[in-house]
Structures are given as structure tokens and as C-alpha cells.
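What's counted below: heavy atoms across the whole structure, side chains too, no hydrogens, waters or symmetry copies. All of these numbers come straight from a predicted model, not from anything done at the bench.
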Amino acid sequence: MPAADRLVIAKLARKKPAGIISLSDAEEVLQEDRRSVAARLGSLARRGWLRRIKRGIYLILPLEVEPGTLTTAGDPWIVAQEVFKPSYIGGWSAAEYWELTEQIFRSTLVITAAPIREKEQELLGQEFELFRVPKARVQITSTVWRDSTKVKVSSRERTLIDCLRNPELAGGISHLILMMKEYGRKPERNFETLLEEALSANSGAVWKRLGYLSESLWPEQRKLITSSLRKITKGNIKLDPSVKSRGYLTKKWGLWANINLKTSD
């Protein structure tokens with residue numbers, strides 16, 4: 001590799017130790033106009049020193065790797081944060097991290113406000129499941145360290161509330177119920193914070209599912225149950241939207257109980 005190219009790679013790597021660099025990042029580092037930077041990155045990619053992930057985003061290959069060698073990124077969470085921003089890791093992936101589930105999912109669940117064409121994508125040998133939301137819903141503050149990079153991930157409580165709003169994020173309501181049971185056993189559980197997250201979500205579906213399930217799983221949490229009852233909205237929803245059957249209607253919660261909680265163990 002020419003010394004000039006080696007210097008460019010080194011500068012880019014210092015900017016992004018995790019190895020994923022965007023065109024905007026490279027502009028800032030190289031102090032060149034966007035067109036020149038794009039041409040430079042394209043040249044490095046063609047010669048095998050960068051690997052294009054998608055338009056405007058590249059993986060910096062270690063200098064000791066043979067040019068053109070197929071390489072996978074070490075951490076899909078870091079890939080997701082760079083490629084699908086603004087976003088955060090949520091749903092079943094966050095549940096795995098917080099040990100709310102023992103189930104292993106092949107794909108990383110990413111909640112994003114970025115425009116997407118396909119919900120399922122594969123990048124650098126990693127599988128991603130994308131769920132698009134308005135930009136206001138990705139404004140979270142909880143982060144975790146992944147190597148030397150901070151990555152946004154939903155807290156235990158935010159994860160449950162997101163999944164109560166959209167059970168598909170948990171891999172289905174039956175899996176969400178197991179997550180809630182496990183949360184109730186955790187010493188780190190915080191029902192006050194869970195209530196705060198529910199208030200922030202401001203979703204009728206959340207209150208109905210949260211109240212109904214809390215009454216069954218955590219009957220001692222009277223404040224949570226009472227608050228949910230006060231906040232429920234008009235209309236009826238299904239406990240599990242993916243099940244065609246409506247089951248029986250619980251008028252108290254405005255909810256069609258269409259799965260048997262006793263079988264969700």
C-alpha cells in the first residue's frame with residue numbers, strides 16, 4: 001500500500017476505532033470536499049482496503065488483512081448504529097442483552113427512524129431486522145459499551161414498553177410474557193421506571209396490554225395496574241395481533257384475550 005493511502009486509512013481508523021466510517025466522517029477527517037472524499041473512498045474500496053457496506057458507509061479493513069479478503073464486522077450492534085442511524089438496539093436483541101430471555105435470535109433487532117426499503121437486511125454477513133418509527137421515538141439516552149464504542153440500546157423497561165406497543169418486537173406476545181415474568185424476578189426490576197416509560201409512550205395499546213398482563217403476572221403491583229386502568233382508551237385491541245382468533249373480550253381492559261396465558265410458560 002502506498003504511504004499516502006496508509007496515512008489516510010490510519011486517520012480514518014483513529015476517527016472510528018470500531019472500523020465503520022461514513023462519507024461524512026471521512027470529510028471531517030480528510031478536510032476535503034465531498035466529491036473528492038467519495039472518489040478516494042471508492043478507490044480504496046476497489047483496491048480492497050475498504051469494504052463497502054452500503055452507499056456512503058465503509059468498513060476499514062485491518063492493514064494486515066490481504067486486500068479483497070472477505071471480512072465480517074465484529075459487532076452487529078456497531079454496524080447497525082452507523083448504518084441505520086438514528087436508531088437503537090431494541091426488542092428481542094435488547095432483551096437478550098438484559099437477560100430477559102434465553103432464546104437466541106439470529107438477527108439483530110434495530111428500531112430506526114431512517115428510511116428503509118426492506119425490513120430484513122444482511123450486511124457483512126450479519127442479519128438485521130428493522131422496525132421503523134418516527135424520529136421522536138428513537139431519542140433515548142441509555143447506552144452500553146461495545147468494545148470502544150457506545151451504542152444506544154433500550155433499557156429493560158423501555159424494551160418491555162416497546163414490545164407491549166408492538167409485540168412483534170419481542171418475537172410475539174408469548175415470548176413477551178416470558179420476558180415480563182423474568183423481569184419480575186430480576187433484582188434490577190423497577191416498576192416505577194416501567195410506569196414512567198409507559199407514560200412516555202402515551203399509547204392506548206400499551207396501557208391495555210400492560211394492565212391486563214400486570215394483573216396476571218404482578219398482581220401485587222397495584223399502582224401499575226390502577227394507573228393502566230385510568231389511562232386506557234376507547235376501542236378494543238387484540239392481546240396478540242398476529243393471532244386471527246379474537247378470543248374473549250375483557251371489557252375492563254378493552255382487550256381481546258386471544259391466547260392462554262397459562263400456556264405461555
Side-chain angles (χ1 to χ4, degrees), residues 5-31 34 37-38 40-41 44-45 48-65 69-101 104-116 120-133 135-159 162 169 188:
D5 288 345
R6 184 178 290 272
L7 180 60
V8 168
I9 293 291
K11 286 181 177 179
L12 296 177
R14 282 196 297 271
K15 173 69 174 178
K16 291 287 188 174
I20 300 185
I21 193 88
S22 69
L23 184 55
S24 297
D25 292 327
E27 279 186 272
E28 183 181 334
V29 171
L30 302 177
Q31 295 293 299
R34 194 173 187 84
V37 170
R40 188 187 289 268
L41 297 183
L44 289 169
W49 297 110
L50 298 179
R51 185 174 175 192
R52 185 178 182 271
I53 300 176
K54 63 183 298 186
R55 185 176 181 180
I57 302 178
Y58 296 84
L59 173 66
I60 304 170
L61 299 181
L63 293 175
E64 63 271 17
V65 172
T69 300
L70 289 178
T71 306
T72 58
D75 193 326
W77 286 28
I78 298 174
V79 175
Q81 179 159 277
E82 293 297 329
V83 175
F84 304 117
K85 60 185 176 186
S87 66
Y88 63 89
I89 305 299
W92 63 67
S93 294
E96 285 179 305
Y97 178 81
W98 296 118
E99 298 182 340
L100 296 179
T101 178
I104 304 298
F105 291 84
R106 290 180 58 186
S107 57
T108 299
L109 196 290
V110 186
I111 297 177
T112 177
I116 54 175
E120 298 177 3
Q121 296 190 26
E122 183 174 331
L123 300 172
L124 299 176
Q126 308 280 4
E127 296 180 20
F128 299 91
E129 184 84 17
L130 309 177
F131 187 83
R132 191 165 186 225
V133 298
K135 193 171 183 179
R137 283 180 57 185
V138 296
Q139 305 304 314
I140 69 169
T141 58
S142 53
T143 60
V144 297
W145 285 101
R146 305 286 285 200
D147 293 327
S148 57
T149 302
K150 271 188 176 183
V151 178
K152 287 187 175 183
V153 58
S154 55
S155 65
R156 294 176 182 84
E157 293 76 22
R158 176 60 179 267
T159 299
D162 281 348
L169 298 179
E188 302 89 352

Please list, chain by chain and in numerical order, all residues satisfying side chain to side chain donor-acceptor pair (under 3.5 Å) with Glu27, sequence neighbours excluded. Arg34
Heavy atoms, side chains only, cut-off 4.5 Å: are Tyr97 and Arg146 in contact? yes
Heavy-atom distance under 4.5 Å between the side chains of Arg6 and Trp49, does that happen here? no
Using side-chain contact (heavy atoms from CB on, under 4.5 Å), reason through Lys15 and Ile21 one step at a time and then give a plain yes or no. CA-CA 8 Å; Lys15 173 69 174 178; Ile21 193 88; 4.1 Å; yes
Looking only at heavy atoms, what is the nearest atom pair of Gly91 and Ser154, with distance? N-OG, 4.3 Å
Validation row: Val153, Tyr88 side chains within 4.5 angstrom (heavy atoms): no
Minimum side-chain heavy-atom gap Thr108-Gln126 below 4.5 Å: no
Do Leu59 and Leu50 touch side chain to side chain, with heavy atoms closer than 4.5 Å? no
Value for CZ (Arg51) from CG (Leu123), rounded to nearest 0.5 Å, stands at 9.5 Å
Working to the nearest 0.5 Å, report the span between CZ of Arg137 and NZ of Lys135. 15.5 Å
Taking all non-hydrogen atoms of both residues, which atom of Val151 and which atom of Trp77 are closest, and how far apart? CG1-O, 4.0 Å
Atom CD1 in Ile57, atom NZ in Lys54: separation rounded to 0.5 Å? 6.0 Å
Should we say atom CD of Glu99 is surrounded by more than 12 heavy atoms from elsewhere, each under 6.0 Å from it? no
All heavy atoms of Ser87 vs all of Val110, minimum pair found to be CB-CG1, 3.8 Å
Shortest non-hydrogen separation from Leu61 to Gly48 and the atoms involved: CD1-O, 3.1 Å
In Å and rounded to the nearest 0.5 Å, what is the OG to CD1 distance from Ser142 to Ile89? 11.0 Å
Using a 4.5 Å cut-off on heavy atoms from C-beta on, say whether the side chain of Asp25 contacts that of Glu82. yes
For Lys150, what residues pass the side chain to side chain donor-acceptor pair (under 3.5 Å) criterion, not counting sequence neighbours? none
Are Pro76 and Phe128 side-chain neighbours, meaning at least one heavy-atom pair lies under 4.5 Å? yes
Apply the test side-chain contact (heavy atoms from CB on, under 4.5 Å) to residues Ile78 and Gln81: give CA-CA distance (whole Å), side-chain angles for both, the deciding distance (0.1 Å), then the verdict. CA-CA 5 Å; Ile78 298 174; Gln81 179 159 277; 5.7 Å; no
Would you call Thr112 and Phe131 a side-chain contact if the rule is heavy atoms closer than 4.5 Å? no
Here the gap from Lys152 atom NZ to Thr141 atom OG1, rounded to the nearest 0.5 Å, amounts to 8.0 Å
Evaluate Thr101 against Trp92 for side-chain contact (heavy atoms from CB on, under 4.5 Å), listing each step before the verdict. CA-CA 8 Å; Thr101 178; Trp92 63 67; 5.8 Å; no
Any chance you could measure Ile20, atom CD1, to Ile60, atom CD1, to the nearest 0.5 Å? 9.0 Å
Could you pull out the closest heavy-atom pair between Tyr58 and Arg52, with the gap in Å? CD2-CA, 3.6 Å
Using every non-hydrogen atom in the two residues, find where Ile111 and Val138 come nearest and quote the distance to one decimal. O-CG1, 3.9 Å
